[in-house]
Engineer: 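Following this message is one structure expressed as structure tokens.
Heavy-atom basis, side chains included; hydrogens, waters and symmetry copies ignored. Not measured: the values here are computed from a predicted model.
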Amino acid sequence: MPELPEVEVVRAGLEPAVVGAVVTSVAVLDERSLKRHDGPAEDFIARLTGRTFLAPRRRGKFLWIPLAPAGGEALVVHLGMSGQVLLRAPDAAADPLTRIRIEIAHPDHGLLRVAFVDQRIFGSMAIDQLVETPDVAGDTVPTQVAHIARDPLDPAFDDRRFLASLARRNTGIKRALLDQTLISGVGNIYADESLWAARVHYDQPTSTLSRARATTLLAEVRLVLGRALAEGGTSFDAQYVNVNGASGYFSHSLNAYGQQGRGCPRCGRTIVRERFMNRGSHLCTFCQRIR
DNA sequence: CCGGACTCCTGGTTGC
DNA sequence: TGCAACCAGGAGTCCG
């Protein structure tokens with residue numbers, strides 16, 4: 001399940017290969033992968049073919065490649081649960097489960113294929129208009145990303161505003177962490193990891209979480225995301241970026257997620273998995289109690 | 001404002 | 001061994 005670190009690795013990997021490249025052809029192999037696109041496949045193809053890619057950008061789990069001229073449209077990518085963006089040589093064998101294939105011509109690297117591969121088809125691509133952000137002058141995001149909060153690794157993320165909305169809200173803390181309109185980029189895995197690190201129970205009411213503990217939690221969110229990013233950033237091939245979003249989360253340093261039945265790395269008691277919000281929540285019920 | 005239920009989807013795992 | 005049921009969940013929508 002790609003979350004912020006995995007999506008950022010994809011963004012960074014794509015950047016050198018796509019900036020300045022011209023789209024020479026587009027094939028939509030499965031139209032369901034255009035569910036975020038407002039229009040039929042023909043419209044997607046027509047609006048993308050012949051365009052020049054600018055530098056890829058990201059907010060939370062949304063990735064987009066602006067199209068020249070700047071400030072107009074962008075190719076938006078969301079990886080969903082299982083999406084991958086693979087860079088291939090133009091004559092490479094087709095990747096299984098490729099849903100959209102984009103051929104590009106780069107002034108330095110020549111012809112490349114960008115394959116959008118997605119097993120479960122929760123992800124998608126779209127062409128969308130860029131709009132100005134309300135908080136940073138000159139900054140733009142696609143319209144379908146405009147309702148998402150900045151992510152905690154964004155220099156313009158507003159800590160005080162986030163903490164204030166937590167205090168004002170009447171909900172559980174994990175719900176809040178997963179609410180992309182409050183803080184973006186955090187998914188189920190890194191939510192569990194951050195809560196474990198900060199010793200906070202997933203259902204702790206946000207209004208009763210002390211300012212100090214909320215501050216600690218936000219710091220842990222940043223540490224967890226930053227650590228994952230550092231691990232992922234070293235693992236991709238420089239020439240043909242093959243960023244895996246499916247097995248995508250960087251699993252070698254998980255303390256809570258998927259660790260049910262094992263010992264809590266902090267106190268040794270057993271990590272349990274509970275159903276919450278129609279998904280799994282992994283925690284140490286000794287370290288993480290509602291207070 | 002809030003939360004629950006539902007939808008999208010399919011490879012891998014579990015259970016009989 | 002074979003097949004069906006179940007499971008994973010990001011994000012959007014709808015409803016009470």
Side-chain angles (χ1 to χ4, degrees), chain A residues 1-8 10-11 28-38 41 58-64 76-85 95-100 116-126 128 141-152 162 164-195 202-209 221 225 228 244-251 254 256-261 272-283:
Chain A
M1 296 125 263
E3 302 180 25
L4 185 155
E6 293 79 17
V7 180
E8 174 57 21
V10 173
R11 190 208 63 76
V28 176
L29 308 179
D30 194 323
E31 199 154 354
R32 294 173 299 177
S33 290
L34 290 180
K35 67 179 166 202
R36 285 182 175 81
H37 181 76
D38 185 17
R58 182 190 54 73
R59 175 179 287 193
K61 304 169 202 170
F62 280 89
L63 167 69
W64 65 94
V76 182
V77 187
H78 196 292
L79 301 178
M81 292 290 299
S82 54
Q84 299 168 263
V85 180
D95 291 284
L97 304 173
T98 298
R99 311 297 186 184
I100 297 173
F116 181 68
V117 173
D118 191 9
Q119 180 217 120
R120 274 174 270 187
I121 321 189
F122 276 25
S124 69
M125 285 187 156
D128 196 4
V141 293
T143 60
Q144 61 186 271
V145 184
H147 67 292
I148 301 291
R150 288 182 184 275
D151 62 64
F162 172 67
S165 33
L166 279 191
R168 213 181 309 120
R169 282 240 170 171
N170 195 7
T171 190
I173 184 61
K174 183 169 175 180
R175 272 201 166 77
L177 285 180
L178 295 178
D179 183 343
Q180 305 293 304
T181 68
L182 284 182
I183 180 171
S184 66
V186 180
N188 201 40
I189 295 167
Y190 297 122
D192 281 1
E193 289 300 302
S194 305
L195 289 166
Y202 61 80
D203 214 8
Q204 172 86 37
T206 55
S207 56
T208 66
L209 186 66
V221 168
L225 295 178
N244 189 337
S247 67
Y249 57 97
F250 309 123
S251 53
L254 295 177
Y257 183 87
Q259 305 302 301
Q260 61 270 29
V272 299
R273 180 179 190 276
E274 299 180 1
R275 294 297 296 185
F276 179 69
M277 287 179 72
N278 229 3
R279 47 168 64 78
S281 271
H282 311 74
L283 75 160

Engineer: With distance as the sole criterion, is a donor-acceptor pair present between the side chains of A:Thr143 and A:Asp128 under 3.5 Å?
Structural biologist: yes
Engineer: Measuring from the side chain of A:Arg32 (C-beta onward, heavy atoms only), which nucleotide among B:dC2, C:dG10, B:dT10 has the closest atom?
Structural biologist: B:dT10
Engineer: Are the side chain of A:Asp118 and the backbone N or O of A:Ser124 linked by a donor-acceptor pair below 3.5 Å?
Structural biologist: no
Engineer: Separation of A:Asp179 atom CG from C:dG12 atom P, in whole Å?
Structural biologist: 10 Å
Engineer: Taking the minimum atom-to-atom distance to the side chain of A:Thr171, which one of C:dG10, B:dG11, B:dG3 wins?
Structural biologist: B:dG3
Engineer: If you check every side-chain atom of A:Ile121, which of C:dG10, B:dT10, C:dG12 has the closest atom?
Structural biologist: B:dT10
Engineer: For A:Gly280, report the nucleic acid contact type (base, sugar-phosphate, nothing); a contact means any heavy atom under 4.0 Å.
Structural biologist: sugar-phosphate
Engineer: Can you check whether A:Tyr190 has a side-chain N or O nearer than 4.0 Å to OP1 or OP2 of C:dG9?
Structural biologist: no
Engineer: Picking from C:dG9, B:dG4, C:dA11, which would you name as closest to the side chain of A:Arg175?
Structural biologist: B:dG4
Engineer: Provide, to the nearest angstrom, the distance between the CZ atom belonging to A:Arg36 and the P atom belonging to C:dT13.
Structural biologist: 10 Å
Engineer: Please tell me if the side chains of A:Leu178 and A:Arg279 come closer than 4.5 Å, counting only heavy atoms from C-beta onward.
Structural biologist: yes
Engineer: Taking only the side-chain heavy atoms of A:Arg120 (C-beta and beyond), determine which of B:dC2, C:dG10, B:dT10 contains the nearest atom.
Structural biologist: B:dT10
Engineer: Students often get this wrong, so: under 4.0 angstrom with heavy atoms, is A:Arg273 touching a base, only sugar-phosphate, or nothing?
Structural biologist: sugar-phosphate
Engineer: Any N or O donor-acceptor pair linking the side chain of A:Arg279 to the base of C:dA8 at under 3.5 Å?
Structural biologist: no
Engineer: Between A:Lys35 and A:Gln119, which has a closest nucleotide on DNA chain B that is more 5'?
Structural biologist: A:Lys35
Engineer: Roughly, in whole Å, what's the span from CZ in A:Phe276 to C1' in B:dA5?
Structural biologist: 15 Å
Engineer: Quick one: closest heavy-atom pair of A:Ala191 and A:Lys174, and the distance?
Structural biologist: CB-CE, 4.2 Å
Engineer: Any side-chain heavy atom of A:Lys61 within less than 4.5 Å of one from A:Gln180?
Structural biologist: yes
Engineer: Please work out which of the three classes, parallel, tilted or perpendicular, describes the rings of A:Tyr202 and A:Phe276, given edges at 30° and 60°.
Structural biologist: tilted
Engineer: Would you kindly give the CD1-to-P distance between A:Ile173 and B:dG3, to the nearest whole Å?
Structural biologist: 12 Å
Engineer: What is the distance, to the nearest angstrom, from the CG atom on A:Asn188 to the C1' atom on C:dC7?
Structural biologist: 14 Å
Engineer: For A:Arg59 and C:dA11, give me the distance from atom CZ to atom P, rounded to whole Å.
Structural biologist: 14 Å
Engineer: Stacking check: are the rings of A:Phe122 and C:dA11 less than 5.5 Å apart at their centres and under 30 degrees in tilt?
Structural biologist: no
Engineer: Rounded to the nearest angstrom, tell me the gap between atom CG in A:Asp118 and atom P in B:dG11.
Structural biologist: 11 Å
Engineer: Establish, with yes or no, whether the OP1 or OP2 oxygen of C:dA11 is under 4.0 angstrom from a side-chain nitrogen or oxygen of A:His78.
Structural biologist: yes
Engineer: Expressed as a whole number of angstroms, how long is the span from A:Asn278:CG to B:dT7:P?
Structural biologist: 12 Å
Engineer: Under 4.0 Å between a side-chain N or O of A:Asn170 and OP1 or OP2 of B:dC2?
Structural biologist: no
